[in-house]
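Some notes on the structure that comes next.
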Amino acid sequence: MNHILYPVEELTESMDAKASIQIKDAMIRTLLTDSRKLSDMDQGLFFALKGRRDGHTFIEEVYNAGVRSFVISDPDFDHIKFKGCNFYLVDDTLKALQNLASVHRSKFDYPVIGITGSNGKTVVKEWLYQLLAPENNIVRSPKSYNSQLGVPLSVWEMNEENDLGIFEAGVSKGDEMAALAAVIRPTIGILTNIGEAHNDGFDTLEDKIAEKLKLFEGVDLFIYSCKYLNQYTGELPGTNKFTWCYRDKADLEVFDDEVLEDKYQFLRARFNDTEVEAVIPFTDQASVENAIICWATLLALGYEPEEADKRLEKLVPIGMRLELKTGINYCSVIDDSYSLDLSSLAIALDFLNQQNQHSRRTLILSDLPGIDSPEVYEQIHQMIENKSVDRLIGVGPLISKYGHEFSCEKEFYESSEDFLQSFPSIKFGHETILLKGARAFEFEKISQLLTQKVHETVLEINLNALEHNLNYYKALLPKGKKVMAMVKAFSYGSGSFEITNLLEFNKVDYLAVAYADEGVALRKSGTTLPIMVMSPDSMAFDAIIENKLEPEIYSMRILEEFVSALSRKGHKDYPVHIKLDTGMHRLGFMEGEVEQLLEYLKDNKSIHIQSIFSHLVASEDPEHDKFTEQQINLFSMLSERIMELYNYHIIRHISNTSGISRWPDAVFDMVRLGIGLYGIDLSIRDKSPLQTVTSLKTSISQIKQIPAGDTVGYGRAGKMPDGGTIATVKIGYADGYSRKLGNGIGSMLVRGKKVKTIGKICMDMCMIDITGINAAEGDEVIVFNDNIRVEDLAMKMETIPYEVLTGISQRVKRVYYYE
Ligand SMILES: *Cc1c(COP(=O)(O)O)cnc(C)c1O
């Protein structure tokens, strides 16, 4: 795990840079691209990438954190003011990063497997890692790092102790693969598949294939399925080829498949003129195909068919997702207990570091399997120290042996059994716990002890999707405009600090809640962002001031009351937000009241007007566009009159989610992003660029056969004239599943198939008609996700998505995912 150290002088040429080197003896080991995720400052090299945000603007912050070497592309950047630094000036910082990774790649001549395709890249990569790990020391892409940035960062992980590399590459449009190919330079190529549905970013299927195949130019061995390439007219890469197919001529020709005991796929195939077989512990089509690709790879690499079968049978699902859950004794638990290596540990530590809800952080860490080296544990010690872990609980003989490397509060256990036995006497409370263990340590048992038992209806929240949606709206805004994220009503039902930690990490400018106690809760969970309270009550003014919350001032009465609260406490220049009523007629000063407001404000020193805002009543609806325009104009006029009174800058804002989408000229200085964050925008009719954030899942308690003519549920409403099969599931109207969805109006997904409710919805349960579906008790049932959309459910409930999301009861547990 000793990474090559590069002398700073050597990098000038590798990156084709103009350099100003002040620390000549510095060495570079770690590439840094995100100012929020820094490590190894002494030997780090920061790339000022030009993404949505210009990396140059973070150089000062990165410098202050201790980094001294930088790659920049802006020739006018004032680097002179950073004393004692190394600066490399290049044309394009991302290209320079790729070039550097390519130079690094050239130092190694062990085999490298390159994987691309429309789907399954990450699964195939992780499974090959599982299958080939017994005799190889493998370096691979962390998670699904397969982009223009992810690939060079992955390849940079290669070191002398490895003897095999596995990297994935993904492209979304033409002309991207060549750059990735130059970095990975695979010796073995695997094409997983080619999706036909939409030619995402390519004119024709042929173009798409040609682009993907660029990864494999010059490989010794190319592994693919004829079924994806038999229409392709171009030349195929690879000195040697190995093909697989279903019922068609190929090196591995699968001719029979059969599901065993509901959970295994038994496959038979012809290979080298003999019959071979494999049992795969999955039955869904995508997993089976991914497993066949792995099977083909093992055979192509020369593994005996019996050995391949033995290994395939032990494949386990890949756990790429971090799960954030509520734990015992007011803890938060981050569960990442499926794999362990240094790069995934770094990612998990970053996520731990983003959690502000508790000041104390504990890491429960197993051995890195098979790695008996003091340097590695010293490196882990540094990573832990950088990410301010307060306590380490080490599990395993190796981490125990190297326990002296760690300087934080620490304790060690020889095995998971030892830990589990001592569990009752270990203190956990009011802290964030990261569980990170190699598979063999079976940390899922620890996870069960640490997390609260869940009522089996769960709302899953995909934090990556939320991040995506935030970035989507940010990209619509002109440079320098601010974002206020609306986190009222428990972030539209999706959570509190779990959401605000992510928003704070992604540098939104403001948070807004409806009531003071929501703001107080967020403060208590550690957010330092400014928080606007939209419906402040005079009873809550003390709490508002104590917690540095900023009230919305919507009337003379509330203004006078707040000012007197401020004077009692001797406050000056307290930030407040003036709300104007431009047509909503809910809260706010009406046009006719502005004179009186100005008169009052003239001599007042106790408040500082942080922002002036108003709310659009129908920004999503073209039918009311005239009215929206009037609102915007009135707001513009009234807010200017107030601003004239002050010689400082006041933020103005009027747009909600669909305002951002439909009224680009009404951004003013800030927008208030609400439901769009959570994946819904009523102004977007067709293909949505947003990602689904929330999925509601429940499970089957009981399955029964209903004789013809019987009825199901209360009031005999669920009629089954022909009889059939029903399943009782654990969700009812007390969970937020409306009674309007009974009697076949609502649908759910069971084993991928859409089924209807039958009979009336009960308080805690309801029944679905699963006639003809091969389901089992305990099966997962999807209530909504990206296939059963909240928008459709809302329509059937005769309401809007806002009410569906906020109506999901608090007894439904929330689980957060981050990849
Ligand atoms: C809830 C709310 C928003 C956000 O609206 P979305 O349609 O969810 O984006 C914006 N401003 C005010 C005043 C709100 O109450």
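One-based numbering, in listed order, for ligands and for the atoms of each. All values below were derived from every heavy atom in this structure, side-chain atoms included, with hydrogens, water molecules and symmetry-related copies excluded.
For the pair R789 and F784, the cation-pi test (distance below 6.0 Å, angle within 45°) is failed.
Remark: minimum distance from atom 9 (O) of ligand 1 to any protein heavy atom is reached at T657 OG1, 2.5 Å. Ranking the protein heavy atoms by distance from atom 11 (N) of ligand 1 puts R672 NE, 2.8 Å first. Of all protein heavy atoms, the one closest to atom 12 (C) of ligand 1 is H615 CE1, 3.4 Å. The nearest protein atom to atom 8 (O) of ligand 1, hydrogens excluded, is given as Y492 OH, 2.6 Å; this is a heavy-atom distance. Among all protein heavy atoms, the one lying closest to atom 7 (O) of ligand 1 is Y802 OH, 2.6 Å.
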Verdict with supporting geometry, K143 and E819, salt bridge (charged side-chain N to carboxylate O under 4.0 Å, His left out): CA-CA 7 Å; K143 311 270 166 179; E819 288 180 357; over 6 Å; no

Step-by-step salt bridge (charged side-chain N to carboxylate O under 4.0 Å, His left out) determination, K697 to E460: CA-CA 8 Å; K697 297 182 173 172; E460 287 187 1; 3.2 Å; yes

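With a 4.5 Å cut-off on side-chain heavy atoms, D581 and F589 do not count as touching.
Proximity to M486 (heavy-atom distance under 4.0 Å) selects the following atoms of ligand 1: 2 (C), 3 (C), 4 (C), 10 (C), 11 (N), 12 (C), 14 (C).
Ligand 1 has at least one atom lying under 4.0 Å from a heavy atom of R586. No heavy atom of E620 sits closer than 4.0 Å to any atom of ligand 1.
In the displayed structure, E803 atom CD is contacted under 6.0 Å by at most 12 heavy atoms of other residues, nucleotides or ligands.
Taking the six-membered ring wherever Trp is involved, the centroid distance between the rings of Y330 and H358 does not fall below 6.0 Å. For an aromatic pair to be called close, the ring centres must be under 6.0 Å apart, and F668 with H653 fails this.
Taking all heavy atoms of L616, I660, N656, L587 into account, the minimum distance to atom 5 (O) of ligand 1 is reached by N656. Nearest residue to atom 1 (C) of ligand 1 from K488, E552, M584 is K488 (criterion: closest heavy atom).
At a 3.5 angstrom cut-off on N or O pairs, M534 does not count as close to ligand 1. Taking any N or O of K579, backbone or side chain, none lies under 3.5 Å from an N or O belonging to ligand 1. Backbone and side-chain nitrogen or oxygen atoms of I675 are examined, and one is located within less than 3.5 angstrom of a nitrogen or oxygen of ligand 1.
Classified by interplanar angle (parallel below 30°, tilted 30° to 60°, perpendicular above 60°), the ring pair F613/H577 is perpendicular.
In this model, no donor atom of one side chain and acceptor atom of the other lie less than 3.5 Å apart for S658 and S683.
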